[in-house]
J.: 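For reference, the structure I am asking about is given below.
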Amino acid sequence: MKLSILDRSRTRRGAPDSAALTGTIERAVHAEQLGFHRFWVAEHHAVPGIASGSPPVLLAALGARTDRIRLGSGGVMLPNHQPFVVAEQFLMLAAMYPGRIDLGVGRSLGFTKPVRQALRRDRNAPDTFADDLDEVRTYLEGKGAVTARPQVAGPPPMFVLATRRGLDFAAQAGLPVVVGGPILGGSGARVPELDRYRDSFVPSAGNRSPYVIVSLEVMIAEDEDRARELLLPEAWALAQSSRTGEFPPLESGADIRGQAWTPRLREQVDASIANSIHGTAEQVRVALGALAARTGADELLASTSTFDRDALFESDRQLSLLDV
């Protein structure tokens with residue numbers, strides 16, 4: 001599998017949001033030095049734990065600090081944007097950084113009702129994702145009712161962040177997919193949703209065959225216990241969000257251990273860590289090999305976060321050395 005990174009610009013308790021964005025830029029530079037294939041950023045709105053609300057702006061900064069690594073969005077949420085504006089933004093990035101820009105798109109709405117209202121989105125509005133997907137592509141390819149500019153020699157490739165339904169959209173549109181979450185958590189020898197995507201894939205001009213990227217947290221440390229400890233801050237934040245409705249900044253493991261743990265919180269934290277791949281470099285290599293066999297994935301997009309930035313960079317380094 002090709003190896004890539006998704007960085008969500010996670011904020012940390014006691015540090016300004018700007019530090020999260022600076023950290024993303026530093027991590028992209030490091031990822032390029034290590035030889036990763038892609039470096040993607042995310043779109044989240046009004047989330048205390050995530051500083052990245054505008055992928056195109058952040059990608060422009062990343063492009064200025066790197067030279068070779070592919071840069072993209074994981075992803076732009078089409079329900080929040082006009083397709084024409086999305087196309088203009090990514091054509092501009094493609095003009096500035098030719099051959100390096102990817103457009104990953106998703107269909108998630110804002111996390112809470114106030115955020116959806118701020119984005120002018122109604123949860124009960126008609127689902128126009130498939131049409132919006134097609135419209136963005138026509139603008140990127142210069143085939144729209146109006147011409148999106150700047151025009152470029154090669155438009156940025158599109159990827160669909162796919163749930164089960166999203167896989168069907170992507171297959172019919174002939175687009176690569178990025179999958180994570182429950183789809184990867186089954187116990188079968190294969191993932192039936194991915195087999196269905198491949199079987200129903202309709203070749204398109206830019207994609208003659210299906211392409212699957214799997215995304216999950218991957219943490220490498222000196223032993224499995226240390227890797228679990230490094231995954232704790234993200235798992236704790238996720239568990240807290242299910243309790244409070246607000247996804248918080250990362251906290252240190254020591255601070256988390258000193259807080260009150262309910263049985264439900266412990267169960268959620270343990271489940272979150274279990275859904276990652278973690279351990280020593282050899283343990284992770286074996287686990288990724290098994291994941292590749294189950295999914296037939298072409299690429300891994302590691303979405304790892306932790307409070308300790310030095311440990312995160314070291315995990316990235318060790319991941320880059322694996323032969324999967």
Side-chain angles (χ1 to χ4, degrees), residues 5-25 27-28 39-62 71-86 88-90 93 103-129 132 136 160-163 166 178 180-181 215 217 233-252 255-256 259 265 268-269 272 301 303-307 309:
I5 290 175
L6 168 65
D7 186 282
R8 291 176 296 149
S9 301
R10 290 290 273 116
T11 59
R12 287 163 173 79
R13 189 76 68 193
D17 285 5
S18 59
L21 298 174
T22 300
T24 294
I25 295 172
R27 193 178 182 194
F39 189 92
W40 280 11
V41 298
E43 175 188 333
H44 293 273
H45 299 283
V47 177
I50 298 176
S52 173
S54 179
V57 174
L58 186 51
L59 290 172
L62 296 182
L71 303 169
S73 56
V76 169
M77 297 301 144
L78 278 186
N80 301 334
H81 307 281
Q82 296 296 330
F84 184 65
V85 174
V86 173
E88 286 183 320
Q89 291 170 339
F90 277 79
L93 288 166
L103 171 54
V105 296
R107 55 196 291 266
S108 295
L109 300 177
F111 187 56
T112 64
K113 184 177 180 180
V115 173
R116 292 192 295 273
Q117 290 175 335
L119 291 168
R120 304 295 190 268
R121 293 303 307 172
D122 181 354
R123 181 184 284 276
N124 299 315
D127 185 347
T128 60
F129 182 72
D132 291 346
V136 171
V160 178
L161 278 66
T163 57
V178 182
S215 182
E217 290 201 77
E234 184 71 21
W236 176 261
L238 188 61
Q240 291 293 331
S241 71
S242 69
R243 184 177 66 86
T244 66
E246 187 173 88
F247 192 63
L250 294 168
E251 301 177 68
S252 70
D255 286 345
I256 292 169
Q259 298 181 50
L265 270 175
Q268 290 175 311
V269 166
S272 179
L301 186 66
S303 58
T304 318
S305 300
T306 190
F307 184 84
R309 288 181 47 77

J.: Could you pull out all residues at least two apart from T128 that satisfy side-chain hydrogen bond (donor to acceptor under 3.5 Å, both in side chains)?
T.: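 T128: side-chain hydrogen bond (donor to acceptor under 3.5 Å, both in side chains) contacts with D132.
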
J.: Which atom pair, heavy atoms only, marks the closest approach of I256 to P233?
T.: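 Closest approach of I256 to P233, heavy atoms only: CD1-CA, 3.6 Å.
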
J.: Output all residues satisfying side chain to side chain contact (heavy atoms under 4.5 Å, CB included) with S252, sequence neighbours left out; order by chain, then residue number.
T.: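 Partners of S252 by the side chain to side chain contact (heavy atoms under 4.5 Å, CB included) criterion, ordered by chain and then number, come out as A254, D255, F307.
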
J.: R107: which residues meet the side-chain hydrogen bond (donor to acceptor under 3.5 Å, both in side chains) condition with it, sequence neighbours left out?
T.: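 Per chain and number, R107 pairs via side-chain hydrogen bond (donor to acceptor under 3.5 Å, both in side chains) with D127.
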
J.: Does any N or O in the side chain of S272 come within less than 3.5 Å of the main-chain N or O of V269, such that one atom is a donor and the other an acceptor?
T.: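 No: the side chain of S272 does not pair with the backbone of V269.
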
J.: Report the residues that fulfil salt bridge (charged side-chain N to carboxylate O under 4.0 Å, His left out) with R309, sequence neighbours left out, ordered by chain and then residue number.
T.: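 Expected list: E26.
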
J.: When you measure from the side chain of S73 to the backbone N and O of G104, does any donor-acceptor pair fall under 3.5 Å?
T.: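 Side chain of S73 to backbone of G104: a pair is present.
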
J.: Between S52 and R8 (side chain of the first, backbone of the second, donor and acceptor by atom type, cut-off under 3.5 Å), is there such a pair?
T.: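 Side chain of S52 to backbone of R8, a donor-acceptor pair under 3.5 Å: no, none is there.
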
J.: Quick one: list whatever passes side-chain hydrogen bond (donor to acceptor under 3.5 Å, both in side chains) with H81, sequence neighbours left out.
T.: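 For H81, the residues satisfying side-chain hydrogen bond (donor to acceptor under 3.5 Å, both in side chains) (neighbours in sequence not counted) are E43.
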
J.: Are E234 and T306 close enough, and set up right, to give a side-chain contact (heavy atoms from CB on, under 4.5 Å), and what steps lead you there?
T.: CA-CA 6 Å; E234 184 71 21; T306 190; over 6 Å; no

J.: Grab the two heavy atoms, one from P48 and one from A46, that are nearest each other, plus how far apart they are.
T.: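 The pair with the smallest heavy-atom distance is CD-O, 3.7 Å.
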
J.: Under 6.0 Å from the CD atom of Q82, do we count more than 12 heavy atoms belonging to anything else shown?
T.: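 Incorrect, the count does not exceed 12.
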
J.: By side chain to side chain contact (heavy atoms under 4.5 Å, CB included), which residues pair with S54, not counting sequence neighbours?
T.: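 With neighbours one apart ignored, the set is P56, V57.
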
J.: Using the side-chain hydrogen bond (donor to acceptor under 3.5 Å, both in side chains) criterion, which residues pair with D17? Sequence neighbours excluded.
T.: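 By the side-chain hydrogen bond (donor to acceptor under 3.5 Å, both in side chains) rule, D17 matches no residue at all.
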
J.: How far apart are the closest heavy atoms of G75 and L161, and which atoms are they?
T.: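 Heavy atoms of G75 and L161 come nearest at N-CD2, 3.4 Å.
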
J.: I need the minimum non-hydrogen distance between H44 and V47, along with the two atoms involved.
T.: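 Heavy atoms of H44 and V47 come nearest at CB-CG2, 4.0 Å.
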
J.: Please step through side-chain contact (heavy atoms from CB on, under 4.5 Å) for the pair V136 and L103, ending with a clear verdict.
T.: CA-CA 10 Å; V136 171; L103 171 54; 3.8 Å; yes

J.: Quick one: salt bridge (charged side-chain N to carboxylate O under 4.0 Å, His left out) partners of E251, sequence neighbours excluded?
T.: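 Per chain and number, E251 pairs via salt bridge (charged side-chain N to carboxylate O under 4.0 Å, His left out) with R13.
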
J.: Could you walk me through whether H45 and N80 pass side-chain contact (heavy atoms from CB on, under 4.5 Å), step by step?
T.: CA-CA 10 Å; H45 299 283; N80 301 334; 3.8 Å; yes

J.: Could you measure the distance from the OG1 atom of T24 to the CG atom of D7? Nearest 0.5 Å is fine.
T.: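 One gets 3.5 Å once the value is rounded to the nearest 0.5 Å.
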
J.: Compare every heavy atom of T304 with every heavy atom of R27, then report the nearest pair and how far apart it is.
T.: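 The pair with the smallest heavy-atom distance is NH1-O, 3.2 Å.
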
J.: If you measure from CG on L21 to OG1 on T11, what distance do you get to the nearest 0.5 Å?
T.: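 These two atoms lie 10.0 Å from each other.
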
J.: Measure the spacing between OG of S9 and CD1 of I25 and express it to the nearest 0.5 Å.
T.: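 Answer rounded to 0.5 Å: 8.5 Å.
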
J.: Looking only at non-hydrogen atoms, find the nearest pair between A28 and L62 and report the distance.
T.: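 Nearest heavy atoms, A28 then L62: CB-CD2, 3.7 Å.
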
J.: Could you state the interatomic distance from CH2 (W40) to CG (L58), rounded to the nearest 0.5 Å?
T.: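 Answer for the CH2-CG pair, W40 versus L58, is 14.5 Å.
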
J.: Suppose we screen for side chain to side chain contact (heavy atoms under 4.5 Å, CB included). Which residues come up paired with A237, at least two apart in sequence or across chains?
T.: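 Partners of A237 by the side chain to side chain contact (heavy atoms under 4.5 Å, CB included) criterion, ordered by chain and then number, come out as R10, F247, P248.
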
J.: Could you tell me which residues satisfy side chain to side chain contact (heavy atoms under 4.5 Å, CB included) with S215, sequence neighbours excluded, listed by chain and number?
T.: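 S215 satisfies side chain to side chain contact (heavy atoms under 4.5 Å, CB included) with L6, V178, L301, S303 once adjacent residues are dropped.
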
